[in-house]
Amino acid sequence: MKDYNIADDVSDVNFKLYKGEILGFAGILGSGIHPLLSSIYGISPRTSGEIYFENKKVNIVNSRDAIDLGIGYVTEDRKNEGLLYDMSILHNLSIIIIKTLTFFKGLFIRSKNERKIFNDISKVLDIKYASIHQRIVYLSGGNQQKVVIGRTLVSDCKILILLEPTRGIDVGAKAEIHKITLAYRYLFSLCY
């Protein structure tokens, strides 16, 4: 990324991210980290600058462009931006890959495949739940966050953007999220 600008929030940002690397950004509230990372994912518009992905210049206009490139994003605000509270745990996790799970012009879902993907990722992330059909609103904050991270991982991500992934969860869940982040190279092999 070079000479990257987002409205009045961020200007003249340049950085590189290499395969297998964890790159962290820190700053006080209002420092521009949220608009920077959300613009890379296509949520916030940028006013200038270039993004290169796998040595090619790319134009990310919306989140679908980012997903298609293999960029995953976990928002810091799972309650308002990350979860679909009226849906089940299963559907919250699989909604991002629904196109790959459907057939006959998207009218039917391959339920067996959907459940297998859910079971695989929920075991790796140690998501605690009563039933795959349980509404996500009834999970603890830490387990809700694991579902959001799991959803991102199953989207075949090559880059995982985590924006304050431990915000609003208990200490035990924070430790688990940190382990997930550090084990991302292993988890990447489970992306579908």
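Sequence positions, counted from 1, serve as the residue numbers for this chain.
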If you group Ile, Leu, Val, Met, Phe, Trp and Tyr by side-chain heavy-atom gaps below 4.5 Å, do L162 and V171 land in one group?
no
Note, I40 side chain near I161 side chain (heavy atom, < 4.5 Å):
yes
Shortest non-hydrogen separation from L125 to E176 and the atoms involved:
O-OE1, 4.2 Å
Can you measure from CG (L83) to CG (N92) and round to the nearest 0.5 angstrom?
5.5 Å
CD1 of I71 to CD1 of I159, rounded to nearest 0.5 Å, is 5.0 Å
Any chance you could measure I97, atom CD1, to I67, atom CD1, to the nearest 0.5 Å?
11.5 Å
By the ring-ring contact (aromatic ring centres under 6.0 Å, His included) test, which pairs, at least two apart or in different chains, include something from residues 56-90?
Y41-Y73
Taking all non-hydrogen atoms of both residues, which atom of T100 and which atom of R110 are closest, and how far apart?
O-NH1, 3.8 Å
Mind running side chain to side chain donor-acceptor pair (under 3.5 Å) on S39 and S44 for me, showing each step along the way?
CA-CA 4 Å; S39 73; S44 301; over 6 Å; no
As a quick check of understanding, evaluate side chain to side chain donor-acceptor pair (under 3.5 Å) for N119 and S122, giving each step before the final call.
CA-CA 5 Å; N119 288 333; S122 67; 4.6 Å; no
Kindly give the heavy-atom pair with the smallest separation between D170 and A173, and that separation in Å.
OD1-N, 2.8 Å
For R115 and I132: C-alpha separation, side-chain torsions, deciding distance, then whether side chain to side chain contact (heavy atoms under 4.5 Å, CB included) applies.
CA-CA 8 Å; R115 283 191 303 276; I132 60 174; 3.5 Å; yes
If you round to the nearest 0.5 Å, how far is NZ of K158 from CD of E54?
4.0 Å
May I ask whether I95 and F118 are part of the same hydrophobic cluster, defined by side-chain heavy atoms of I, L, V, M, F, W, Y residues being less than 4.5 angstrom apart, directly or through others?
no
Within-4.5 Å side-chain heavy-atom neighbours: Y52 and K16:
no
Side-chain touch Y129/L139, heavy atoms, less than 4.5 angstrom:
yes
With a 4.5 Å cut-off on side-chain heavy atoms, are V147 and N143 touching?
no
Can you list the steps and then say if L163 with V74 is a side chain to side chain contact (heavy atoms under 4.5 Å, CB included)?
CA-CA 6 Å; L163 187 55; V74 175; over 6 Å; no
What heavy-atom pair brings P35 and S38 nearest, and what distance separates the two atoms?
O-OG, 3.4 Å
Heavy-atom side-chain proximity of V148 to L93 below 4.5 angstrom
no
Heavy-atom side-chain proximity of L36 to I33 below 4.5 angstrom
no
If you compare all heavy atoms of T166 against all heavy atoms of K174, which two are closest, and at what distance to 0.1 Å?
O-CE, 3.2 Å
Pair K116 + D120: basic N to acidic O under 4.0 Å
yes
Stepwise, does the side chain to side chain donor-acceptor pair (under 3.5 Å) test hold for H91 with S94?
CA-CA 5 Å; H91 293 136; S94 65; 5.3 Å; no
For the backbone of P165 and the side chain of Q145, can you confirm whether one donor and one acceptor N or O come within less than 3.5 Å of each other?
yes
Are any non-hydrogen side-chain atoms of R167 and R78 less than 4.5 angstrom apart?
no
With side-chain hydrogen bond (donor to acceptor under 3.5 Å, both in side chains) as the rule and sequence neighbours excluded, what pairs involving residues 58-69 come up?
R46-N59, R64-D68
NZ/NE/NH1/NH2 to OD/OE distance under 4.0 Å, K128 and D126:
yes
How long is the span from the CG atom in L90 to the NE2 atom in H133, to the nearest 0.5 Å?
6.5 Å
Audit row: I136, L84, side chain to side chain contact (heavy atoms under 4.5 Å, CB included) steps and yes/no:
CA-CA 8 Å; I136 197 144; L84 302 163; over 6 Å; no
Between the NZ atom in K146 and the CD1 atom in I121, the distance rounded to the nearest 0.5 Å is 12.0 Å
Mind checking whether L37 and F15 sit in one hydrophobic cluster, side chains of I, L, V, M, F, W, Y counted as touching below 4.5 Å?
yes
Looking at side-chain heavy atoms only, is the closest gap between I117 and L101 below 4.5 Å?
yes
Step-by-step side chain to side chain contact (heavy atoms under 4.5 Å, CB included) determination, I96 to T152:
CA-CA 8 Å; I96 202 164; T152 305; 5.5 Å; no
